[in-house]
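What follows is a set of notes on a single structure, which appears directly below.
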2 protein chains.
Amino acid sequence: MSGKKIIAKIIDSLPDGAEQSVCTCGGLEGLISRLPDNSEIEEISLIFRALADEKRINILSMLEIQPLCVCIIRAVLDVSDSRLSYHLSILKKAGLITGEQKGTWITYSLTEKGKKWFFSCKQNME
Amino acid sequence: MSGKKIIAKIIDSLPDGAEQSVCTCGGLEGLISRLPDNSEIEEISLIFRALADEKRINILSMLEIQPLCVCIIRAVLDVSDSRLSYHLSILKKAGLITGEQKGTWITYSLTEKGKKWFFSCKQNME
DNA sequence: CATATGATTCAAATTAATTTGAAACAGGTA
DNA sequence: TACCTGTTTCAAATTAATTTGAATCATATG
């Protein structure tokens with residue numbers, strides 16, 4: 001079934017007058033065409049899922065002050081090693097932080113992406 | 001146990017040299033004092049949890065274009081009524097959208113908060 | 001090389017979020 | 001009133017995220 005036909009079918013299922021209410025954007029078709037594409041939506045929600053945890057927000061808050069080794073983060077947050085590693089890995093996968101080995105220790109810091117997102121978060125909370 | 005004593009205990013548990021690495025922010029104590037407080041952290045993660053879902057990002061994208069009734073959103077996203085209601089309720093609880101009854105229909109739109117967060121999300125994705 | 005320490009990985013258990021379908025609710029109309 | 005339609009609510013089932021503790025890895029040092 002073609003795109004046009006699918007849209008026609010959707011419109012058909014709407015109550016009377018609903019389609020007309022979509023007036024400023026080229027109807028249902030215009031609406032659908034202006035949604036972000038799937039890969040972008042996936043990337044956005046990967047980042048938001050990474051940000052959607054209190055421990056991880058605390059980690060970002062600490063790293064915004066200065067790069068820190070795992071043991072300091074661990075001490076401040078009072079969590080187990082493996083639990084902290086898990087949260088760090090989520091932030092790393094989302095591209096918000098990066099870790100650099102320095103001898104035995106690993107020092108984490110915000111990436112540019114991490115700084116950008118955390119900064120706008122802070123702004124929006126003001 | 002007092003705050004100072006707790007911090008002293010934490011420092012005690014750190015490997016040699018770790019505390020000295022926290023140099024630019026007044027040591028562990030300075031670090032802890034600069035973390036956001038709990039209520040703020042909770043509010044932030046409520047918002048991020050609301051944003052951490054692909055359907056909900058799509059909903060916000062649609063509402064950014066114009067206010068829409070439930071049946072249009074439902075048609076575009078192709079989800080069941082109850083599933084859509086669930087996602088709308090999450091966004092509403094986070095204060096990102098608001099619904100206004102217009103006759104039989106309910107029209108949802110972005111709140112100021114919703115616009116602010118969604119805008120900075122778009123900016124960060126550029 | 002053996003050992004110690006900082007950090008990660010893995011699988012199992014727990015907890016939280018999402019989906020589903022049935023039932024209920026609310027406004028409009030005959 | 002009774003009914004229809006758009007929407008929400010609820011409980012049960014499913015799926016995803018998080019936590020836990022043991023095992024492993026990696027680097028430094030005796």
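Numbers restart at 1 for each chain; the letters A, B, ... are given by sequence-line order, proteins then strands. Reckoned from all heavy atoms, side chains included, excluding hydrogens, waters and symmetry mates.
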The side chain to side chain contact (heavy atoms under 4.5 Å, CB included) partners of B:Ser82 (sequence neighbours excluded) come to B:Ser80
Between N or O atoms, less than 3.5 Å apart, protein on one side and nucleotides 20-24 of chain C on the other: list the pairs.
unit_1	atom_1	unit_2	atom_2	d
C:dG21	N7	B:Ser82	OG	3.3
C:dG21	O6	B:Ser82	OG	3.2

Rounded to whole Å, CG of B:Asp78 lies from P of C:dT19 at a distance of 13 Å
Applied to residues 53-86 of chain A, the ring pair (Phe, Tyr, Trp, His ring centres under 6.0 Å) test, sequence neighbours excluded, yields none
From CD1 of B:Ile90 across to P of D:dT9 the rounded distance in Å is 12 Å
By side chain to side chain donor-acceptor pair (under 3.5 Å), A:Lys115 pairs with (sequence neighbours left out) A:Glu112
Exercise for review: Measure from the side-chain N and O atoms of A:Thr111 to the backbone N and O of A:Leu96, and report whether any donor-acceptor pair falls under 3.5 Å.
Suggested key: yes
From CD of A:Glu42 across to P of D:dA16 the rounded distance in Å is 13 Å
Here the distance between atom C1' of C:dA7 and atom CZ of A:Arg74, to the nearest Å, is 11 Å
From CD of B:Glu100 across to P of C:dA26 the rounded distance in Å is 18 Å
Taken in chain and number order and not counting sequence neighbours, the residues that satisfy side chain to side chain contact (heavy atoms under 4.5 Å, CB included) with A:Lys93 are none
Sorted by chain and residue number, the salt bridge (charged side-chain N to carboxylate O under 4.0 Å, His left out) partners of B:Lys122 (sequence neighbours excluded) come out as B:Glu64
Distances under 3.5 Å only, N/O to N/O: pair up the protein atoms with those of nucleotides 24-30 of chain D.
none

Ordered by number, residues from residues 46-57 of chain B within less than 4.0 Å of DNA chain C (heavy atoms) are B:Arg49, B:Asp53, B:Arg56
Would you please confirm or rule out a distance under 4.0 Å between OP1 or OP2 of D:dT19 and any side-chain N or O of A:His87? yes
Applying side chain to side chain contact (heavy atoms under 4.5 Å, CB included) to B:Glu54 and not counting sequence neighbours gives A:Ile41, A:Glu42, A:Ser45
Contacts of B:Asn124 meeting side chain to side chain contact (heavy atoms under 4.5 Å, CB included) (sequence neighbours excluded), chain-then-number -> A:Lys116, A:Trp117, A:Ser120
A:Asp81 CG to C:dT9 C1', in whole Å, measures 12 Å
A:Ile59 CD1 to C:dA7 P, in whole Å, measures 13 Å
Salt bridge (charged side-chain N to carboxylate O under 4.0 Å, His left out) filter on B:Lys113, not counting sequence neighbours, yields B:Glu43
- Query: Hey, is the main chain of B:Ala50 close enough, under 3.5 Å, to the side chain of B:Arg56 for a donor-acceptor pair?
  - Reply: yes
Whole-Å distance, B:Lys93 NZ to D:dT8 P, equals 12 Å
Sorted by chain and residue number, the salt bridge (charged side-chain N to carboxylate O under 4.0 Å, His left out) partners of A:Arg49 (sequence neighbours excluded) come out as none
Ranking C:dT19, D:dT18, C:dA7 by distance to the side chain of A:Ile106, first place goes to C:dA7
